[in-house]
Number of protein chains: 2
Amino acid sequence: MEILTISKAAIQAGVGVETIRFYERKGLIRQPLKPQNSGYRNYPSDTVKTIRFIRQAQELGFSLREIEELLALKADPATDCADVRERAIEKLEEVERKISQLYKMGSALKSVIASCPSRGGLDGCSIMEALESSSSESER
Amino acid sequence: MEILTISKAAIQAGVGVETIRFYERKGLIRQPLKPQNSGYRNYPSDTVKTIRFIRQAQELGFSLREIEELLALKADPATDCADVRERAIEKLEEVERKISQLYKMGSALKSVIASCPSRGGLDGCSIMEALESSSSESER
DNA sequence: CTTGATTCAGTACTATGGTACGGGGTTTAT
DNA sequence: ATAAACCCCGTACCATAGTACTGAATCAAG
């Protein structure tokens, strides 16, 4: 297994050096071996994979906190595939809910555009109405 | 039209009092009338609708800055229609960009879920594999 | 062996979107 | 009329996801 300095690891993973240290501080990647006479990190190439995993999961809409959980599942030999699948399904549902709302918003905007040929009267401007009717709301 | 104190408005809109003042500072909602002998805000119920709109739009991935622009579309019917129309078109494009982004996320999640055996250890978990092996470089 | 590049830890700073607090003034209910 | 509850403004603080900077230590090349 190849050993990498932080900057080599950063290049291979496609992130900045600071980002790696940031992930380490956040507990997303563990601090690698540091040789006794140096404080320098020596990364196994596994770490590069982990970082890529993080970026990939971010692309799918997972937050770093959620990714941390995914990584914990990954590290636990008792984890069943269904656990991971469950999280992916939840995320998919989240994504799909957003898409459908954006569709509504898109049609509201289209109707605004259509009903506004070139002269006054924005009475048909109903972006809010379109959204109001579709939202019974989340708590905080 | 009902008149509300800030806390009543906050409750109706499902946000905190501080959030309303924050939106006001940000220019998302306008400061309401304040009776002469009091510094207290008196909100029309319209404001509640605006706040709900803001929350809704945020859920869809709009930033407060973008939402401010969306709100500007709805406001002021005296504005030239063509101008409003232009901004509406821009927002529509933004919405469509968001949809396609989320769509990509959704398909990625779906394909990963579909190929998951949904039981067993992670050795055979295609979701984890997908997250790891993907060397699609998004550059930064 | 010296120079320049890299790395270290720690902290500060960015932007976004709030949330909390402190020390007042105002309203309202009893 | 007095206490509880509410509201004011300003400022400080929180999380998220990094990015930048500092001064000292270490490493790699000539």
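The sequence lines fix the lettering, A, B, ..., with proteins before strands; numbering per chain opens at 1. No experiment lies behind these values; they were computed from the predicted model shown.
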Dump the pairs, protein N or O against N or O of nucleotides 27-30 of chain D, anything under 3.5 Å, distances to one decimal.
unit_1, atom_1, unit_2, atom_2, d
D:dC27, OP1, A:Ser38, OG, 3.4

Would you list the protein and nucleotides 28-30 of chain C atom pairs, both N or O, that sit under 3.5 Å from each other?
none

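Considering only residues two or more places apart in sequence or on other chains, A:Lys91 meets the side chain to side chain donor-acceptor pair (under 3.5 Å) condition with A:Glu66, A:Glu94. When the side chain to side chain donor-acceptor pair (under 3.5 Å) test is applied to B:Ser100, no partner is found at least two apart in sequence or on another chain. Residues satisfying the side-chain contact (heavy atoms from CB on, under 4.5 Å) criterion with B:Ser115, sequence neighbours excluded, are B:Ser126. For B:Thr47, the side-chain contact (heavy atoms from CB on, under 4.5 Å) partners two or more places apart in sequence, or in a different chain, are B:Ile29, B:Tyr43, B:Pro44, B:Ile51. In this structure A:Lys26 satisfies the side-chain contact (heavy atoms from CB on, under 4.5 Å) test together with A:Phe22, A:Leu28, sequence neighbours excluded. For B:Glu18, the side-chain contact (heavy atoms from CB on, under 4.5 Å) partners two or more places apart in sequence, or in a different chain, are B:Arg21.
The stretch residues 69-87 of chain A participates, sequence neighbours left out, in these side-chain hydrogen bond (donor to acceptor under 3.5 Å, both in side chains) pairs: A:Lys74-B:Glu132.
Between the axis at the start and the axis at the end of the helix from C:dC1-D:dG30 to C:dT30-D:dA1 there is an angle of 10°, using five pairs per end and rounding to 10 degrees.
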Please list every donor-acceptor pair under 3.5 Å in which a side-chain atom of residues 102-112 of chain B meets a protein atom from a residue at least two apart or in another chain.
unit_1, atom_1, unit_2, atom_2, d
B:Ser107, OG, B:Tyr103, O, 2.7
B:Ser111, OG, B:Ala108, O, 3.3

Worksheet, complete the sentence: A correct 5'-to-3' footprint of nucleotides 10-17 of chain C, with B, S and - meaning base, sugar-phosphate only and no protein heavy atom under 4.0 Å, is -------B
